[in-house]
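To start, the structure under review is shown below, and the notes come after it.
Note that these values count all heavy atoms, side chains included, but never hydrogens, waters or copies made by symmetry. Being a predicted model, the structure only gives us computed values, none of them experimental.
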Amino acid sequence: MIGRVKIRSDIKLNIKRIAMIIMFLLLLERVFISLTYLFRNSNYNRMHVVGIKEEEPLDVVFVGGSATFVYWEPMKAWNDFGICSYNFATDTIQAECIKYGIKEVLKYQQPSLFVIDVRAFQYYDNMGAENGLRNFSDSLDWGIDRFRLVNEYLDNHIIEENQDKLSLYLDIMKYHSNYAALGNPDNWEMIDNRIDSYNKGFEWIPAYRYLDAPSDFLTGEMVAIQNEALVILYDLLNFCKSKSINVLFVVCPYQINKEHYGKYNTMESIISSYGFDFINLNDYYIEMELDFSKDFYNGNHVNCFGAEKYTDFLGKYIVNNYNMPDHRNEDRYISWHDDFAKFKEEESEIKEKICQKKLQAEEGHIIASTLSKTINFM
């Protein structure tokens, strides 16, 4: 009898010890993850990703790279059409990230429409871009999807010998010396990997560059894209189909050439075969009233003058082709009115800066032209 009591007592003691070990490991995991989030970069790329957790229900989520977050103005779309949208986008996003971006969004939102920028497939490179991956992956929550994303990236790309593969999984190995994070309020606010993104993932770029509009780029030719990019595109399409996700694939206007246009023809054929919509906005310069001498800051991106026209055109397209509710008078979106007021204030400042730069560029052009004709500099 005494022996049985002792055995029961030992079992209870062992269970207690095991429970304490489990609690300790869970606490250690929580501390480790919190430190990882704390030391990560607190730049706009990460804010675009983690900010979606704080949003009210969204109608449309844009997924892509910089050709998403400098083109689409969610606050203008809200004010003009009542659409609640968000730019879930990071610089130089890699093609592998698009599917995982959608999966991450679906953890927190159930939008009626995803808009996907396909430039990542057109610019696909076997060498990859570590920063392009990290801008996205080092903004995600720790979990199996982040692990799978890094795996796919490493499988698909040629990795330089000196690249630390382990730090792609354990990103604290890269950021552990980021001591500036300890004094940055944004880092502390994102210690649980979330923050309020008042601009809904849009970014102002106060820059200007004179460009000539592209010409002679229209072609019916189908230009091949890299095999790895094709595999990733098919995987994305099958995933969206399996989840019954409504998707619009877009090509933003830029200084396109015939080869690029042919690649988009190939993508459009594949995407359309799956029943998804595709629109190449390089076909609508006139309808958008796009001015390459004013509306861009480089050959690949618009400034806010171009973004305004892009959002107006694509916003009307979405309203006319998809069933979008108008949330402008709903109480739950009352804070969006304040966000729009802040957006307009910033817009006024940015437009003034761009106009000043445009004026300086024009004056410089006149001076350069005069100097080129000068014979006697005295």
Side-chain angles (χ1 to χ4, degrees), residues 62-73 87 89-95 97-98 115-127 129 132 202-203 205 207-230 232-233 236-237 247-273 276-318 354 358:
F62 285 68
V63 180
S66 56
T68 291
F69 66 70
V70 300
Y71 277 77
W72 178 257
E73 297 180 330
N87 291 335
T90 56
D91 270 330
T92 323
I93 197 167
Q94 302 295 281
C97 298
I98 304 297
V115 180
I116 296 178
D117 162 30
V118 297
R119 278 208 216 177
F121 297 94
Q122 189 264 308
Y123 285 119
Y124 188 89
D125 190 335
N126 290 110
M127 292 302 297
F202 176 74
E203 290 298 327
I205 307 294
Y208 158 80
R209 182 179 174 185
Y210 176 91
L211 296 174
D212 291 321
S215 60
D216 192 33
F217 60 83
L218 294 175
T219 178
E221 184 182 357
M222 300 280 192
V223 177
I225 60 176
Q226 291 200 31
N227 287 334
E228 292 84 355
L230 273 177
I232 298 168
L233 178 59
L236 171 63
L237 293 169
V247 186
L248 168 63
F249 291 83
V250 301
V251 184
C252 298
Y254 69 103
Q255 273 199 319
I256 194 171
N257 59 39
K258 188 170 288 187
E259 180 186 0
H260 292 178
Y261 197 93
K263 288 184 178 181
Y264 293 128
N265 286 342
T266 300
M267 284 186 256
E268 180 177 10
S269 176
I270 295 169
I271 289 166
S272 298
S273 72
F276 294 114
D277 294 335
F278 182 100
I279 181 169
N280 188 336
L281 289 156
N282 291 279
D283 293 332
Y284 299 95
Y285 297 154
I286 296 175
E287 291 84 348
M288 277 189 281
E289 298 182 0
L290 204 60
D291 184 351
F292 277 81
S293 70
K294 177 183 177 182
D295 297 337
F296 286 75
Y297 71 85
N298 64 28
N300 289 318
H301 301 91
V302 291
N303 55 34
C304 67
F305 287 101
E308 190 174 38
K309 296 174 181 179
Y310 175 87
T311 304
D312 183 64
F313 181 85
L314 188 56
K316 289 175 182 175
Y317 180 90
I318 290 173
I354 292 173
K358 182 175 183 293

Query raised in the report: Can you name the residues that form a side-chain contact (heavy atoms from CB on, under 4.5 Å) with Ala95, not counting sequence neighbours?
Result: Ala120, Phe121, Tyr124, Ile232
Report summary line: residues 214-229 vs salt bridge (charged side-chain N to carboxylate O under 4.0 Å, His left out), sequence neighbours excluded, gives Asp216-Lys258
**Report entry** Separation between CD of Glu287 and CG of Asp312, rounded to the nearest 0.5 Å
**Finding:** 12.5 Å
Report task. Would you name the heavy atoms of Pro253 and Asn282 that are closest together and state the gap between them? Result -> CA-OD1, 3.2 Å
Query - Val118 side chain reached by Val251 side chain, heavy atoms, under 4.5 Å - result: yes
Query - Close side-chain approach of Val63 and Asp117, heavy atoms under 4.5 Å - result: no
Query raised in the report: Do Ile116 and Leu236 come within less than 4.5 Å of each other through their side chains, counting heavy atoms only?
Result: yes
Requested in this report: Please report the C-alpha distance between Asn303 and Ile354 in whole Å, then the side-chain angles of each, then the deciding distance to 0.1 Å, and finally whether the side-chain contact (heavy atoms from CB on, under 4.5 Å) criterion is met.
Outcome: CA-CA 8 Å; Asn303 55 34; Ile354 292 173; 3.7 Å; yes
Query raised in the report: How far apart are the closest heavy atoms of Ala307 and Val70, and which atoms are they?
Result: CB-O, 3.3 Å
Report task. Evaluate side-chain contact (heavy atoms from CB on, under 4.5 Å) for Gln226 paired with Asn126, printing each intermediate quantity in order. Result -> CA-CA 9 Å; Gln226 291 200 31; Asn126 290 110; 2.4 Å; yes
Query raised in the report: Within a strict 4.5 Å, meaning less than it, do heavy atoms of the Asn300 and Arg119 side chains meet?
Result: yes
**Report entry** Residue Glu289 excluded, over 12 heavy atoms near CD under 6.0 Å
**Finding:** no
Requested in this report: Flag the pair Glu73 / Phe202 as yes when at least one side-chain heavy-atom distance between them is below 4.5 Å, and no otherwise.
Outcome: yes
Report summary line: salt bridge (charged side-chain N to carboxylate O under 4.0 Å, His left out) filter on Asp277, not counting sequence neighbours, yields none
Query - Over all atoms of both residues, closest heavy-atom pair of Phe217 and Asn257 - result: CB-C, 3.8 Å
Requested in this report: Output yes when a side-chain donor or acceptor of Asn87 lies under 3.5 Å from a complementary backbone atom of Ala89, and no otherwise.
Outcome: no
Report task. Could you pull out all residues at least two apart from Ser293 that satisfy side chain to side chain donor-acceptor pair (under 3.5 Å)? Result -> Asp291
**Report entry** Sequence-distant partners of Asp91, salt bridge (charged side-chain N to carboxylate O under 4.0 Å, His left out), two or more places apart
**Finding:** none
Query - Residues which pass salt bridge (charged side-chain N to carboxylate O under 4.0 Å, His left out) with Lys358, listed by chain and number, not counting sequence neighbours - result: Glu362
Requested in this report: Give a yes or no on whether the backbone of Thr92 and the side-chain of Gln94 come within a donor-acceptor separation of less than 3.5 Å.
Outcome: yes
Report summary line: ring pair (Phe, Tyr, Trp, His ring centres under 6.0 Å) filter on Phe62, not counting sequence neighbours, yields Trp72
**Report entry** Distance in Å, Ile225 CD1 paired with Thr266 OG1, rounded so as to fall on 0.5 Å steps
**Finding:** 7.0 Å
Report task. Under the side chain to side chain donor-acceptor pair (under 3.5 Å) rule, collect the residues that match up with Asn298, sequence neighbours excluded. Result -> His301
Report summary line: d(Tyr254 OH, Leu281 CG) to nearest 0.5 Å is 12.0 Å
Query raised in the report: Which distance, rounded to the nearest 0.5 Å, do you find between the CZ of Arg209 and the CZ of Phe296?
Result: 11.5 Å
Query raised in the report: What's the spacing between Ser273 OG and Phe278 CZ if we round to 0.5 Å?
Result: 12.0 Å
Query raised in the report: Mind checking what makes side chain to side chain donor-acceptor pair (under 3.5 Å) contact with Gln122, not counting sequence neighbours?
Result: His260, Tyr264
Report task. In sequence, state the C-alpha distance, the side-chain angles, and the governing distance for Tyr297 and Tyr208, and then conclude on ring-ring contact (aromatic ring centres under 6.0 Å, His included). Result -> CA-CA 4 Å; Tyr297 71 85; Tyr208 158 80; over 10 Å; no
**Report entry** Residue list, side-chain contact (heavy atoms from CB on, under 4.5 Å) with Ala213, at least two apart or on another chain
**Finding:** Phe292
Query raised in the report: Do the non-hydrogen side-chain atoms of Asn265 and Val223 ever get within less than 4.5 Å of each other?
Result: no
Query raised in the report: How about Tyr71 and Val250: do any of their side-chain heavy atoms sit closer than 4.5 Å?
Result: no
Query raised in the report: Does Glu308 have any salt bridge (charged side-chain N to carboxylate O under 4.0 Å, His left out) partners at least two apart in sequence or in another chain, and if so, which?
Result: Lys351
Query - Test item: Leu290 and Asp295 side chains (from C-beta on) under 4.5 Å apart, heavy atoms - result: yes
Query raised in the report: Are the side chain of Ser272 and the backbone of Ser269 linked by a donor-acceptor contact shorter than 3.5 Å?
Result: no
Query raised in the report: side chain to side chain donor-acceptor pair (under 3.5 Å) with Tyr261: which residues, sequence neighbours excluded?
Result: Asp283
Requested in this report: Could you label the plane-to-plane angle of the Phe313 and Tyr284 rings as parallel, tilted or perpendicular, counting under 30° as parallel and over 60° as perpendicular?
Outcome: tilted
